[in-house]
Amino acid sequence: MKKWVWVVATIVVALLIGGYAYSNHHATAKEYQAAMANGRTAIQSKHYTQAESYFQNALKRRLNDQTAQHYLTQTQRYVSGENALEARHFSSAQGYYGEVKDTTNASTVLVKRAKDRYKQVKDIRANVKQFKQILNKAQGENKALNYGQSNTTLDELFNNTKFRQSYYKNLYEEALALRKSNNAGQTSETSSAASSSSSTDSSSSVASSSSASLTSSEKQAASNYSGSNEYTVTQSQKELDGKTITNGQIGSARQTINAAGGQADAMSDQDVRVALQQANKKGLSLTKYTQQYLK
């Protein structure tokens with residue numbers, strides 16, 4: 001009798017254990033499927049950190065599962081590519097995107113996105129190469145003291161709308177600094193030339209004083225000289241839209257140039273007039289013109 005009881009008890013226990021194992025396996029399988037589904041949804045919504053967590057959870061439910069591992073690795077590489085792109089490490093970004101787009105048995109959504117990113121980074125790297133060549137040319141012209149030509153070369157960059165994108169921030173800042181250096185060089189040349197002209201006029205005046213008198217043409221030239229450390233200019237060079245630029249306008253313009261980061265104190269009155277004329281010609285405010293051409 002006792003033997004029969006033990007047999008029955010053993011069978012019952014075996015059934016219970018088997019049932020529990022089956023139930024537990026079934027529950028684990030459902031959790032795995034749910035984690036994988038949630039991970040795919042997170043990828044679709046571009047919530048990549050969540051997607052990684054879901055795929056890691058799926059691996060806990062099914063150890064060494066190749067599908068979950070492929071999804072996890074693919075997602076991690078895509079995130080690495082995004083981070084590298086944001087940091088402007090374009091070579092690394094392109095490498096990560098290349099690995100993602102070549103991944104099989106994983107997310108087709110990430111494959112498509114990686115293909116698009118791969119092409120984008122390839123274009124960015126081509127632009128960087130082109131922009132660097134133009135910038136190097138402008139830097140060489142600056143070293144040769146050809147400031148105006150250097151600025152003309154830089155205009156090729158600043159007139160390109162792509163150059164203002166964040167991907168080229170470092171090059172953009174280099175170009176701004178070079179333009180500022182060019183403008184300072186041009187201002188220095190103008191001041192030196194004006195000083196030389198003033199010295200020449202002074203010497204002429206001394207020589208003339210030793211003569212009996214000035215000729216009529218010399219008197220007219222002396223009368224036309226405007227002073228203020230400037231070259232003698234024509235009336236049209238002192239006008240804006242056909243109206244003479246007043247001293248008040250010049251004073252106000254100096255304040256605007258300084259506020260925009262320019263160096264108005266180093267500019268003659270005629271330099272300020274030219275800035276007003278050029279800003280008007282280009283359809284820019286004086287502040288914008290200063291920021292683009294006088295910094």
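For clarity, every value in this text was computed on a predicted model and none was experimentally measured.
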Spell out, yes or no, whether Y32 and Y54 are grouped together once hydrophobic residues are joined by side-chain heavy atoms under 4.5 Å, including indirect joins.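 Unlinked, Y32 and Y54 end up in two clusters.
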
ILVMFWY network linking L176 to I134, side-chain heavy atoms under 4.5 angstrom: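 Yes, L176 connects to I134 through the hydrophobic network.
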
Ignoring hydrogens and geometry, is there a side-chain-to-backbone donor-acceptor pair from [X] to [Y] under 3.5 Å?
{"X": "S252", "Y": "G248", "answer": "no"}
{"X": "T103", "Y": "V100", "answer": "yes"}
{"X": "N38", "Y": "A34", "answer": "yes"}
{"X": "N146", "Y": "N142", "answer": "no"}

Kindly compute the distance separating [atom1] ([X]) from [atom2] ([Y]), expressed to the nearest 0.5 Å.
{"X": "F55", "Y": "D65", "atom1": "CZ", "atom2": "CG", "answer": "11.0 Å"}
{"X": "Q165", "Y": "I124", "atom1": "CD", "atom2": "CD1", "answer": "7.0 Å"}
{"X": "Q76", "Y": "Q56", "atom1": "CD", "atom2": "CD", "answer": "6.5 Å"}
{"X": "I257", "Y": "D271", "atom1": "CD1", "atom2": "CG", "answer": "9.0 Å"}
{"X": "L178", "Y": "E174", "atom1": "CG", "atom2": "CD", "answer": "9.0 Å"}
{"X": "T246", "Y": "K238", "atom1": "OG1", "atom2": "NZ", "answer": "13.0 Å"}

Among all residues two or more places apart in sequence or in another chain, which pass the salt bridge (charged side-chain N to carboxylate O under 4.0 Å, His left out) test with [X]?
{"X": "K119", "answer": "D123"}
{"X": "E86", "answer": "none"}
{"X": "E82", "answer": "R117"}

Between [X] and [Y], what is the shortest heavy-atom contact and its length?
{"X": "A114", "Y": "K101", "result": "CB-N, 3.7 Å"}
{"X": "Q291", "Y": "A260", "result": "CG-O, 3.8 Å"}
{"X": "T153", "Y": "K137", "result": "CG2-CD, 4.0 Å"}
{"X": "A68", "Y": "A58", "result": "CB-CB, 4.2 Å"}
{"X": "G148", "Y": "Q186", "result": "CA-NE2, 3.3 Å"}
{"X": "L85", "Y": "A93", "result": "N-CB, 3.8 Å"}

If we ignore angles and hydrogens, is there a donor and acceptor under 3.5 Å between the side chains of [X] and [Y]?
{"X": "T187", "Y": "Q263", "result": "no"}
{"X": "Y168", "Y": "N127", "result": "yes"}
{"X": "S80", "Y": "N83", "result": "no"}
{"X": "R273", "Y": "Q270", "result": "yes"}
{"X": "R88", "Y": "Y167", "result": "no"}

Listed partners of [X] passing side chain to side chain contact (heavy atoms under 4.5 Å, CB included), at least two apart:
{"X": "V109", "answer": "I43, Q44, S107, R113"}
{"X": "D116", "answer": "K112"}
{"X": "D102", "answer": "none"}
{"X": "A175", "answer": "L135, L154, L157, F158, F163"}

Would L110 and Q74 count as a side chain to side chain contact (heavy atoms under 4.5 Å, CB included) here? Give the steps. CA-CA 8 Å; L110 284 184; Q74 184 191 38; 3.8 Å; yes

For residues 96-123, which residue pairs qualify under ring-ring contact (aromatic ring centres under 6.0 Å, His included), counting only residues two or more places apart or in two chains?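 For residues 96-123: Y78-Y97.
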
For T75, side-chain hydrogen bond (donor to acceptor under 3.5 Å, both in side chains) partners two or more places apart: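 Counting only residues at least two positions away or on another chain, T75 forms no side-chain hydrogen bond (donor to acceptor under 3.5 Å, both in side chains).
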
When you compare the side chain of K115 with that of V111, does any pair of heavy atoms fall below 4.5 Å?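 With C-beta onward as the side chain, the pair touches.
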
Under 3.5 Å, sequence neighbours excluded: what are the donor-acceptor pairs made by side chains of residues 279-288?
residue : atom : partner : partner atom : Å
N280    : ND2  : D241    : OD1          : 3.2
S285    : OG   : K288    : N            : 3.1

Quick one: salt bridge (Lys or Arg N to Asp or Glu O under 4.0 Å) pairs with a partner in residues 46-56, sequence neighbours left out?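 Passing the test, one end in residues 46-56: no pairs.
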
Tell me, yes or no, whether the heavy-atom count around N64 atom CG, taken from other residues, nucleotides or ligands under 6.0 Å, exceeds 12.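 Check fails, neighbour count at 12 or below.
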
Working for side chain to side chain contact (heavy atoms under 4.5 Å, CB included), residues T67 and N105: CA-CA 7 Å; T67 300; N105 300 322; 5.8 Å; no

Is there a side chain to side chain contact (heavy atoms under 4.5 Å, CB included) between E239 and I245? Walk through the geometry before answering. CA-CA 5 Å; E239 296 178 348; I245 299 173; 5.7 Å; no

Show, in sequence, the C-alpha distance, side-chain angles and deciding distance for T152 and D155, and conclude whether the side-chain hydrogen bond (donor to acceptor under 3.5 Å, both in side chains) test is met. CA-CA 5 Å; T152 299; D155 283 342; 5.1 Å; no

Tell me, please, which residues at least two apart from F90 pass ring pair (Phe, Tyr, Trp, His ring centres under 6.0 Å).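 So F90 forms no ring pair (Phe, Tyr, Trp, His ring centres under 6.0 Å) with any residue.
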
